[in-house]
Q: 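One structure coming up, written as structure tokens, with questions to follow.
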Protein chains: 2
Amino acid sequence: MPLRTRIPRPAARRLSLYLREGESLLAIGAATVSSERLGARLGISAAQVRRDLAYLAQAGQRGVGYDLSTLVSMLSRELGLERPWHAVLVGVGNIGRALLSYAPFRESRVSIVAALDCDPAAIGQRWGGRMVEPVANLAAVVQRERVELGVIAVPIGSAQKVADLLVGAGIRGILNFAPVEIVVPEGIAASNVDFGVELRRLAMDVMQETAALERASANRRPA
Amino acid sequence: MPLRTRIPRPAARRLSLYLREGESLLAIGAATVSSERLGARLGISAAQVRRDLAYLAQAGQRGVGYDLSTLVSMLSRELGLERPWHAVLVGVGNIGRALLSYAPFRESRVSIVAALDCDPAAIGQRWGGRMVEPVANLAAVVQRERVELGVIAVPIGSAQKVADLLVGAGIRGILNFAPVEIVVPEGIAASNVDFGVELRRLAMDVMQETAALERASANRRPA
DNA sequence: TTATGTGAATATCTTCACAGCG
DNA sequence: CGCTGTGAAGATATTCACATAA
């Protein structure tokens, strides 16, 4: 077997977006979609969409486009969503509660099956149907629920400690919302979402847009 | 003047991280940092760090490293953080409240100066020191507080509507937490954070890690 | 005729390796 | 001597343009 070449990182990231849009088009009642239209909905060029989707075997049909239900199931398979994934959340502050009540998870194959916290006052409360357990239960929860992913939503000071606990409990991937880069051993996937970094990046993008506009108008009346 | 070449997209995104780490090292009492160490804290190669920081004029000193206070102020300037940026939040559900209580904003130059919602029950409540106002006030708030950025934390169904309102009110950049790609006119910066997409990506990363490990062990005993 | 799939060309990003400077 | 800054090489990613298939 040819062991199909690995999908490039940026393409792989876009696959999640195609899946989300594909599902939403399907929900609207559409049957097919063109690379043109799919790209337009996501701000991605049609050529890029075709190149990305060509990594899936035979996803589209020439002259017609992509059959949405085929596309959705191929993307699901590619993204590893044919089987369900279980995640455990640590920290039920505002971010944690936002995650627990994030509606789209209910029908997604990736779900948060348990919520832990170390604050005695938080333990026993229910959020989005799940009861908060003490962090001490972590290892037991991971085994009991076959948990593979961990979500960190604790303050910056405890983030690394929680990451170590998760790794120790046998988790394979971590999504971290604390504003610090966590360190994980080789072979464990980690990704970070930091609201502050996102807002700063936005500010920078606005600056660059502004600069680009000024440059453009300066070019209209050059030396 | 040579109109210094634009900083590449990926490098620009990393700049936010260098700033965050730089500030945190400074807080610890460090005076300088090497590309080696800075990179190690972020999982970025030293060569990459040097290449990125070289976009700032004369940021480091050979044989010594980067002076942290210089570095932090250069990065702040590059990211447009020399002056404060004001953002308005629309939607005070769980995500909105998480943003309002996100501690690092308090000392950052990007701050959320107002919170709006369309639910009468939410209006008048206080979160993180800010009182929730009706969305109808949007244009007035934008003018009053010189707001340039908008944060969307409303359900999927109203996200595009809110985006249009923000653009209409004169906002220059939008950070969207609803799980849909919003459409904005040319010249307006937009970026999206979707918890579902992030978790799916994590699941995919875990799959790929697993596949890579299997491939590696298969190679140890090839045909 | 329409819209995919894909070589080839281009553009962009990253790493290497070492000259250069304090 | 240590560590940055940077040409040049290498690796990746994107776009173009068109052959191809329904």
Side-chain angles (χ1 to χ4, degrees), chain A residues 2 4-18 21-22 25 30-72 74-75 78 201 204-205 208 212, chain B residues 2 4-18 21-22 25 30-72 74-75 78 201 204-205 208 212:
Chain A
R4 210 246 292 95
T5 59
R6 209 194 92 269
I7 299 180
R9 237 350 180 76
R13 291 179 62 84
R14 286 187 295 265
L15 259 31
S16 292
L17 297 176
Y18 302 141
E21 289 307 305
L25 285 166
T32 65
V33 69
S34 66
S35 56
E36 186 81 33
R37 184 140 110 85
L38 187 51
R41 290 174 65 104
L42 292 165
I44 295 173
S45 78
Q48 181 77 81
V49 172
R50 290 202 298 279
R51 175 71 72 192
D52 291 343
L53 294 184
Y55 287 112
L56 316 172
Q58 192 56 26
Q61 202 167 352
R62 296 177 196 230
V64 178
Y66 299 87
D67 176 76
L68 278 167
S69 65
T70 310
L71 184 65
V72 164
M74 290 185 120
L75 284 169
E78 195 60 43
R201 279 178 181 158
M204 193 187 54
D205 287 349
Q208 297 217 341
Chain B
R4 209 240 302 93
T5 58
R6 209 193 92 270
I7 299 179
R9 235 355 179 74
R13 291 180 62 84
R14 286 187 294 266
L15 258 32
S16 291
L17 297 176
Y18 301 142
E21 289 306 306
L25 285 165
T32 64
V33 69
S34 66
S35 56
E36 187 79 34
R37 184 141 110 86
L38 188 51
R41 290 174 65 105
L42 293 165
I44 294 172
S45 77
Q48 182 77 79
V49 171
R50 291 201 298 279
R51 175 71 68 188
D52 291 343
L53 294 183
Y55 288 112
L56 315 172
Q58 193 57 26
Q61 202 168 351
R62 297 176 195 229
V64 178
Y66 299 88
D67 177 75
L68 277 167
S69 64
T70 310
L71 184 64
V72 164
M74 290 185 121
L75 283 170
E78 194 61 43
R201 279 178 180 158
M204 193 187 54
D205 287 349
Q208 298 217 341

Q: Both A:G63 and A:L53 contact DNA chain C. Taking the nearest nucleotide for each, which residue is further toward the 5' end?
A: A:G63

Q: Scan nucleotides 12-20 of chain D nucleotide by nucleotide, 5' to 3', and note B when protein non-hydrogen atoms come under 4.0 Å of the base, S if they reach only the sugar-phosphate, - if neither.
A: -SSB-B-BB

Q: Got a sec, which residues hit side chain to side chain donor-acceptor pair (under 3.5 Å) with B:Y18, two or more places apart in sequence or on another chain?
A: B:D52

Q: Between B:M74 (CE) and D:dT4 (C1'), how many Å, whole number?
A: 14 Å

Q: Residues in side chain to side chain donor-acceptor pair (under 3.5 Å) with A:T70, at least two apart?
A: A:D67

Q: For B:R50, what residues pass the salt bridge (Lys or Arg N to Asp or Glu O under 4.0 Å) criterion, not counting sequence neighbours?
A: none

Q: Heavy-atom distance under 4.5 Å between the side chains of B:R14 and B:L42, does that happen here?
A: no

Q: Residues two or more places apart in sequence or in another chain: which of them pass salt bridge (Lys or Arg N to Asp or Glu O under 4.0 Å) with A:R37?
A: none

Q: Quick one: side chain to side chain donor-acceptor pair (under 3.5 Å) partners of B:R201, sequence neighbours excluded?
A: none

Q: Please work out if B:A59 contacts a base, only the sugar-phosphate, or nothing of the nucleic acid, heavy-atom cut-off 4.0 Å.
A: sugar-phosphate

Q: Roughly how many Å is it from CG in B:L56 to P in D:dT4, rounded to a whole number?
A: 14 Å

Q: Closer than 4.0 Å, any side-chain N/O of B:S35 to the OP1 or OP2 of D:dT4?
A: yes

Q: It should be established whether B:Y66 places a side-chain nitrogen or oxygen under 4.0 Å from OP1 or OP2 of nucleotide D:dG2.
A: no

Q: Under the salt bridge (Lys or Arg N to Asp or Glu O under 4.0 Å) test, which residues partner A:R62, sequence neighbours left out?
A: none

Q: My understanding is that only residues two or more places apart in sequence, or in another chain, count here; which of them pass salt bridge (Lys or Arg N to Asp or Glu O under 4.0 Å) with B:R51?
A: none

Q: Name the first nucleotide and the last nucleotide along DNA chain C (5' to 3') that come under 4.0 Å of a heavy atom in chain A.
A: C:dT2 to C:dA8

